[in-house]
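Side-chain atoms are counted along with the backbone in the values below, which use heavy atoms only and exclude waters and symmetry mates.
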Amino acid sequence: MPMTRPLGLIALCLLLLPGFSLADKAADIRLLLDQSGFSSQVQSLPALIRSEVRYSGEITNDNLDLILKKTDSQTLPGKVEAAVEQSLTHSLSDEDITALKDWYQSDIGKRITHEEVQASGEAQMEDMLARKDALLTDKQRVRQIQHLDQLTGTSDNALTLHQYSSRAVKKALHNALSPQNRNNSEPTSNTENAPPTTTRSAVEQRVTLAFLYAYRNLDDQTLSRYETHLKSPAARHFNSAVQSGLSSGVKTIIDEWADDLSAALTQPAD
């Protein structure tokens with residue numbers, strides 16, 4: 001008589017195996033976000049919101065201080081990163097993850113990431129601005145950098161953050177200055193679906209300059225190999241999923257944040 005396994009044990013094993021697989025995949029995706037620089041870049045979201053506040057107008061210094069404090073205490077970066085992780089989990093295959101891990105662990109992948117990290121910081125920002133004219137002189141390198149921007153979707157991501165940060169600040173001020181407007185979903189100046197062309201142009205110019213500075217020590221051949229990687233299916237899936245997760249994450253939490261901020265503005269200061 002053939003030996004049979006207890007059905008309960010088989011069912012338990014089938015339930016457990018996907019759990020281990022998903023846990024491993026989640027760990028791999030968190031590692032990819034860290035290695036790609038996204039985890040550190042998303043931390044700039046509160047600073048971006050603060051910059052939007054400073055240009056909003058019609059706000060007292062006391063309220064400005066309150067907003068700056070509020071944006072510092074928010075968990076926006078973690079929430080956005082969680083949305084991106086979820087998008088990547090649904091979009092990346094095991095083959096994609098393996099290919100991406102191989103890239104970030106390769107010598108060229110490590111070198112590019114190293115250059116990006118070394119280019120960040122306030123001192124580096126000042127150095128970049130001091131080198132601006134020289135960096136923009138090489139038109140061929142500028143075109144190459146702009147192509148890398150298109151492949152990575154960096155300007156698109158930056159514009160998304162700018163757009164919805166601005167939306168949150170405007171809604172918060174709209175509601176706080178006119179409490180009767182709380183039942184209205186948006187202030188009349190909302191530009192969610194049509195960001196100004198000048199804004200995109202300004203964002204693209206800043207990204208181009210940042211890329212030129214970050215990759216100034218890399219030769220054309222290295223950047224060409226990087227471009228080849230960005231055109232690969234794994235890289236395209238990764239960048240597309242990041243863009244999708246970033247957009248959906250910001251859209252989901254921005255109204256909640258704006259409502260919290262409106263409430264803070266209408267409360268007496270401590």
Between [X] and [Y], is there a donor-acceptor pair closer than 3.5 Å when you use the side chain of the first and the backbone of the second?
{"X": "Ser87", "Y": "Ala241", "result": "yes"}
{"X": "Lys25", "Y": "Leu92", "result": "yes"}
{"X": "Ser248", "Y": "Gly245", "result": "yes"}
{"X": "Ser247", "Y": "Gln243", "result": "no"}
{"X": "Asp149", "Y": "Ser155", "result": "yes"}

Heavy atoms only: give me the nearest [X]-[Y] pair and the separation to one decimal.
{"X": "Asn217", "Y": "Glu115", "result": "ND2-OE1, 3.3 Å"}
{"X": "Ala235", "Y": "His229", "result": "CB-O, 3.1 Å"}
{"X": "Leu212", "Y": "Val142", "result": "CD1-CG2, 3.9 Å"}

- Can you tell me which residue pairs pass the side-chain hydrogen bond (donor to acceptor under 3.5 Å, both in side chains) test with a partner in residues 134-145, sequence neighbours excluded?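 Listed once each, the pairs are Arg141-Asp220.
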Distance-only donor-acceptor hits, side chain of residues 102-109, under 3.5 Å, sequence neighbours excluded:
{"from": "Ser106", "atom 1": "OG", "to": "Trp103", "atom 2": "O", "distance (Å)": "2.5"}
{"from": "Ser106", "atom 1": "OG", "to": "Gly109", "atom 2": "N", "distance (Å)": "3.1"}

- Task: Test side-chain contact (heavy atoms from CB on, under 4.5 Å) on Leu148 and Thr154 and set out the steps.
- Result: CA-CA 9 Å; Leu148 293 179; Thr154 302; over 6 Å; no
- Non-neighbouring partners of Gln86 that pass side chain to side chain donor-acceptor pair (under 3.5 Å), sequence neighbours left out: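 Gln86 satisfies side chain to side chain donor-acceptor pair (under 3.5 Å) with no other residue.
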- Of Leu100, Val242, Asp96, which meets side chain to side chain contact (heavy atoms under 4.5 Å, CB included) against Leu32?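 Among Leu100, Val242, Asp96, the one that satisfies the side chain to side chain contact (heavy atoms under 4.5 Å, CB included) with Leu32 is Leu100.
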